[in-house]
Amino acid sequence: MTDFSPRFDPHEAEPRLYKLWEEGGIFKADARSAKPPFTIVIPPPNVTGSLHMGHALNNTIQDILIRWKRMLGFACLYLPGTDHAGIATQNAVEKELRKEGTNRHVVGREKFLGRVWEWTEKYGETIYMQLRRLGCSCDWSRERFTMDESYVRAIRTVFKALYDKKQIYRGHRVINWCPRDMTALSDLEVRRPEEGAAGNLYHIRYPIAGEPGRHVVVATTRPETMLGDTAVMVHPKDARYAGLVGKKAVLPFVGREIPIIADEAVDMKFGSGAVKVTPAHDMNDFEVGKRHGLPAIIVMDESAKMNEQAGEFAGLDRFEARAKIVERLAALNLLEKVEDHSTPLGRCDRCDTIIEPYLSEQWFVNMKPLAAPAIDAVKSGRVRFHPDRWAKVYLDWMENIQDWCISRQIWWGHRIPVWTCSDGHAVAAVDTPSTCATCGSGALRQDADVLDTWFSSALWPFATLGWPDETEDLKKFYPTQVLVTDRGIINLWVARMIMMGLEFRGKEPFSDVVINATIMDDAGERMSKSKGTGVDPLILMERYGADALRFALTLLSTGSQDVRFGKNLSVPRTEQARNFVTKFWNACRYVATSAPESASGLPPGWDRKLEDCWIASRLNRTIQVVTEALASNEFGRAAGELYTFIWDDFCSWYIELTKKRTAEATARGMLRYLAGITLRLLHPICPFVTEELWTKLDPAAAKTPLIRAAWPEPGAMNEDLERRMRAAFDVVRGVREVRNRYGIAPSEALPVAVSFRDEELRNALAGEVEEIVRRLAAVTSVESGVDLERRPGDARWTGDDVVVYVQIAGKFDRVKEIARSEKELAALEVQAARGRIQLANDAFRKAKPEMAAELEEKLRDLEVKVSELKARLAELKELS
RNA sequence: GGGCCGUUAGCUCAGCUGGCUAGAGCGUCUGCUCGACACGCAGAAGGUCAGAGGUUCAAAUCCUCUACGGCCCACCA
């Protein structure tokens with residue numbers, strides 16, 4: 001024990017221990033193992049990103065579960081990987097190119113993709129390095145990337161199957177278009193921020209054809225789209241416009257005559273009650289157009305600049321065009337009025353550009369048939385959310401699911417596996433075809449678009465295990481058990497995995513979805529790099545160690561949906577956790593020096609003292625509670641329970657009580673046993689210190705590292721004993737408090753008398769309480785009994801089941817004591833009054849007779865205390 | 001527009017199916033080199049449980065409404 005320093009050194013120990021585990025092959029999952037499987041697939045972070053605090057929390061929880069299950073004897077697989085993150089990654093590389101003064105179109109598709117690959121290889125490793133730093137016991141031999149070659153086969157197989165079933169189809173529709181990224185997006189990739197939508201509602205006059213001077217006023221927030229109008233619509237019941245339906249309006253600037261139609265979709269109360277219909281630039285209007293057979297005229301190009309259809313406005317950006325059009329309308333006296341009006345504008349999730357609803361040819365997945373069984377999976381409880389309120393978010397979305405636009409007009413991603421020959425025969429295939437299956441033509445062209453990144457993420461739980469091949473891994477580790485993720489991607493990712501898992505494996509990909517809290521900044525708002533509110537987990541680990549960060553985050557994992565852990569708050573919280581780690585380290589250090597033998601079994605019971613039995617019971621209860629907490633995903637409770645057990649019970653009471661007993665084999669054995677079990681209990685949360693302590697305490701144990709040790713099972717618990725010990729500790733506390741209150745030096749021994757609540761308690765404790773008190777508080781003598789009276793010169797301290805009298809005659813400040821006693825008396829009287837009111841209530845007596853009886857007894861005690869205190873006060877006052 | 005979550009000590013949070021004197025950590029104050037730990041030890045002070053109604057013998061806890069904060073979802077121009 002020569003090198004047992006008073007501090008754990010994470011810098012030195014963490015990499016060494018991680019290497020030991022990794023090289024020991026402990027993280028490697030064995031598909032041939034006879035043990036039951038336990039699988040967690042990591043939510044793959046973006047390759048080019050780095051870990052933020054949310055990842056640290058997410059991965060800590062996953063690693064806790066994996067380590068715990070490993071100790072429980074499961075064949076565990078914690079599968080790591082990264083996501084190619086189509087648009088995000090492409091944007092990052094494009095930014096690089098821009099710095100070099102070029103762009104992807106100049107570079108060309110092939111070369112550009114080469115650059116992206118270089119980029120991902122360069123940054124991909126940083127995430128893995130960070131996960132290792134955190135201590136995550138991932139199986140690195142099974143690392144996956146959503147662009148792996150094997151993943152390509154999975155994607156194509158899925159695509160082909162859905163395509164052949166006509167569940168993937170090509171459609172001409174209005175979709176969400178990002179003019180900056182120049183690609184289509186799915187509904188879920190569009191954000192609609194509450195504010196920042198201040199806009200106007202423009203009331204524009206459209207002249208009626210053939211009736212000079214007459215016009216219809218349409219209200220719109222987007223005048224620039226008027227150039228693509230192909231109708232004006234009113235409500236069929238709107239008397240104001242009844243005479244106009246069937247006539248034509250003349251579109252200003254363009255001169256096109258467009259029909260005035262009636263449709264229920266109009267809200268008569270909004271605006272003017274007449275709506276311009278632009279089927280190519282509004283989802284609603286597109287539907288209207290379909291119903292009424294209207295043409296759709298696209299008036300913008302892919303970057304949202306007005307195109308040649310826009311006549312005199314061609315070439316202008318959409319917002320410039322808006323200003324110009326409004327100006328010209330006013331000049332032509334066609335602008336009736338402009339009102340303030342806020343519209344929720346959709347913005348690109350990736351680049352924040354305002355989304356343009358845009359008519360184009362895209363690939364879609366028909367979701368309804370996929371959703372039905374996935375809804376059932378959650379409703380039936382085969383997939384459970386924790387906390388369960390999140391199931392509602394899932395079900396609400398699933399029950400109103402829309403078709404999914406999966407094509408993206410970017411280059412980085414999985415090319416859509418559809419080939420078309422020069423004669424227009426299209427086929428979806430897994431292996432790249434060389435000739436057209438229909439006509440044999442060799443002139444095949446693959447679709448230029450790539451798939452939505454989330455299409456590949458949806459396959460993650462089985463594509464990572466080798467599917468479509470029936471690999472050993474797939475058989476052993478699918479379905480996985482727990483998915484730990486963020487609430488923000490319940491629909492984006494979790495829902496789609498459930499659908500795909502059911503469709504292609506016939507089984508839900510996991511049975512439990514744990515939604516971890518979202519890490520907020522100090523002000524309770526979402527952390528963001530751009531606002532500079534992010535906290536780097538590496539910095540905290542650097543300063544306090546990975547165990548401290550893990551423990552701090554775990555302790556915060558209660559049922560709440562946000563936790564504040566910003567620049568300021570993260571520091572004291574991690575510090576607290578680090579202090580706890582040091583506390584535990586020193587407790588074990590003490591055990592190692594005081595009980596140098598290496599046996600670690602529970603010592604035989606015959607010569608156990610009260611405190612030995614007590615701590616054994618407390619330990620068993622801790623095992624039970626921690627196990628239950630982990631089983632129900634209450635990680636904060638597991639950590640909290642360990643914190644109080646280790647700090648209070650183990651360190652403050654048990655170690656202090658046994659300091660004079662280390663010559664006894666039982667006490668030494670008990671210390672070793674306690675350390676051994678708590679090491680195991682704490683290991684999933686704090687893997688590094690615990691592993692280090694494991695070998696420090698027993699170098700011979702190095703052969704079987706803690707990570708492989710068995711999870712403890714709770715033995716007998718004794719509630720009565722625990723309650724009695726609490727009373728004994730109260731005596732100690734009472735003596736300490738009295739001494740402190742009167743400013744008496746801790747070393748000055750005083751005579752003490754203890755009055756127990758009843759005979760039973762007295763008999764159970766009287767034999768040992770004196771020793772307990774003697775060891776923990778300086779006393780000259782301890783007298784004990786039931787209903788003892790206060791003697792002159794005694795200070796009294798009242799606990800739940802004991803009253804402590806400490807003889808301090810003449811050693812205190814009388815004035816202070818009078819003030820204190822008066823305060824105490826007032827509190828006691830309030831309590832007694834409350835009790836009397838409750839007891840005067842017959843309904844209460846009838847409803848809970850046992851409780852009433854208890855209360856009566858309590859009240860009697862209270863009344864005794866009150867009268868005693870009054871007498872004491874009188875006595876004190878007389879002395880003056 | 002709909003929904004979800006939160007509001008408990010100066011700060012950050014626990015408090016399950018209603019029932020002992022509402023807890024913890026940090027911070028503050030008092031006192032401690034007591035055989036691991038000052039990243040420590042022993043204590044203390046500090047709360048109209050956001051507000052208003054209701055249910056109940058009994059409400060921080062259940063119900064309703066209000067206010068404030070946060071987060072999702074939604075094609076009303």
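Protein chains get the first letters and strands the later ones, always in sequence-line order, with residue 1 at the start of each. Just the heavy atoms: all of them, side chains too, but no hydrogens, waters or symmetry mates, feed the values below. Note that this is a predicted model, so its numbers are computed, not measured.
Comment: A:D730 does not engage A:R726 in a salt bridge, judged by the lack of any side-chain N to carboxylate O separation of less than 4.0 angstrom. For the pair A:E656 and A:R775, the salt-bridge criterion is not met [side-chain N within less than 4.0 Å of a carboxylate O]. For A:R526 and A:D562, the salt-bridge test fails: no basic side-chain N is under 4.0 Å from an acidic carboxylate O. Ion pairing between a basic and an acidic side chain is recognised when a charged N comes within 4.0 Å of a carboxylate O; A:K276 and A:D229 show such pairing. Salt-bridge annotation for A:R318 and A:E224: absent, with no side-chain N of the basic residue lying under 4.0 Å from a carboxylate O of the acidic one.
Comparing atom distances between the A:R526 side chain and each of B:C71, B:A44, B:A42 picks out B:C71 as nearest. Comparing atom distances between the A:V393 side chain and each of B:A44, B:G70, B:C72 picks out B:C72 as nearest. Checking B:G70, B:A36, B:C72 against the side-chain heavy atoms of A:I655 singles out B:A36 as nearest. Listed nucleotides: B:A42, B:G3, B:A36. Nearest to the side chain of A:Y590: B:A36. The side chain of A:Q576 has B:G25 as its nearest neighbour among B:A44, B:A36, B:G25. With distances taken from any side-chain atom of A:D282 to the nucleotides B:A42, B:A77, B:G35, the minimum falls on B:A77. Of all nucleotides listed (B:A74, B:A36, B:C72), B:A36 comes nearest to the side chain of A:N586.
A donor-acceptor contact under 3.5 Å is not formed by the side chain of A:R389 with the base of B:C4. With hydrogens and angles ignored, a donor-acceptor pair under 3.5 angstrom links the side chain of A:E656 to the base of B:A36.
Using a 4.0 Å heavy-atom criterion, one finds that A:D267 contacts the bases of the nucleic acid, with or without backbone contacts as well. Within 4.0 Å of A:R7, counting heavy atoms only, lies at least one base atom of the nucleic acid. Note on A:K276: nothing from the nucleic acid sits closer than 4.0 angstrom, heavy atoms only. Among the heavy atoms of the strands, none lies under 4.0 Å from A:E287. Residue contacts shown for A:V266 include a base, since a base heavy atom lies under 4.0 Å away. At the heavy-atom level, A:R736 lies under 4.0 Å from the strands shown only through sugar-phosphate atoms.
The partner of B:C4, taking Watson-Crick or G-U wobble pairs whose two distances both stay under 3.5 Å, is B:G70. In a base pair of the Watson-Crick type (N1 to N3 plus N6-O4 or O6-N4) or a G-U wobble (N1-O2 and O6-N3), with each distance short of 3.5 Å, B:G40 is matched with B:C32. Figure legend. B:C57 is base-paired to B:G19; pairs are counted as Watson-Crick or G-U wobble with both atom distances under 3.5 Å. Across all strands shown, B:A24 forms a Watson-Crick or G-U wobble pair with B:U12, both key distances being under 3.5 Å. Under the Watson-Crick or G-U wobble criterion, with both distances below 3.5 Å, B:U64 is paired with B:A52.
A:D263 and A:H235 share no side-chain donor-acceptor pair at under 3.5 Å. No donor-acceptor contact under 3.5 angstrom links the side chains of A:W177 and A:E356, judged on distance only. If you check the side chains of A:N176 and A:D187, you find a donor sitting under 3.5 Å from an acceptor.
Between B:A52 and B:U17, the distance separating the two P atoms is 24 Å to the nearest Å. The P atoms of B:C62 and B:C49 are separated by 16 Å, rounded to the nearest whole Å. The separation of B:A22 from B:A38, taken at their P atoms, amounts to 35 Å, rounded to a whole angstrom. Comparing B:G1 with B:U66, their P atoms sit 13 Å apart, to the nearest whole Å. Spacing between B:C16 and B:C73 at atom P, rounded to whole Å, works out to 30 Å. Taking the C1' atoms as reference points, B:U8 lies 10 Å from B:A14, given to the whole Å. B:G3 and B:A77 have their C1' atoms separated by 25 Å, given to the nearest Å. To the nearest whole angstrom, the two C1' atoms, one in B:U61 and one in B:G15, are 9 Å apart.
Rounded to an integer number of Å, the gap from CG of A:D562 to C1' of B:A14 is 16 Å. B:G3 atom C1' lies 13 Å from atom CD1 of A:I490, rounded to whole Å. Atom CG of A:D285 is separated from atom C1' of B:C75 by 9 Å (rounded to the nearest Å). Here the P atom of nucleotide B:G25 and the NZ atom of A:K583 are 12 Å apart, to the nearest Å. The CH2 atom of A:W390 sits 7 Å away from the C1' atom of B:C72 (whole-angstrom rounding). B:C71 atom P lies 18 Å from atom CG of A:N491, rounded to whole Å. As rounded to whole Å, 10 Å separates atom P of B:C41 from atom NZ of A:K659. In this entry the distance linking OH of A:Y394 with C1' of B:C73 reads 17 Å, nearest Å.
For the pair A:F580 and A:M283, nearest-nucleotide mapping onto RNA chain B gives the more 5' position to A:F580. In terms of position on RNA chain B, the residue among A:T558 and A:N284 whose nearest nucleotide sits closer to the 5' end is A:T558.
Within 6.0 Å of the CD atom in A:E399, the count of heavy atoms belonging to other residues, nucleotides or ligands exceeds 12.
For A:F4 and A:W585, the distance between ring centers is under 6.0 angstrom.
Across residues 641-654 of chain A, A:Y643, A:W647, A:C651, A:S652 each have a non-hydrogen atom less than 4.0 Å from an atom of RNA chain B (numbered order).
Between A:R739 and B:G43 there is no side-chain N or O to OP1 or OP2 distance below 4.0 Å.
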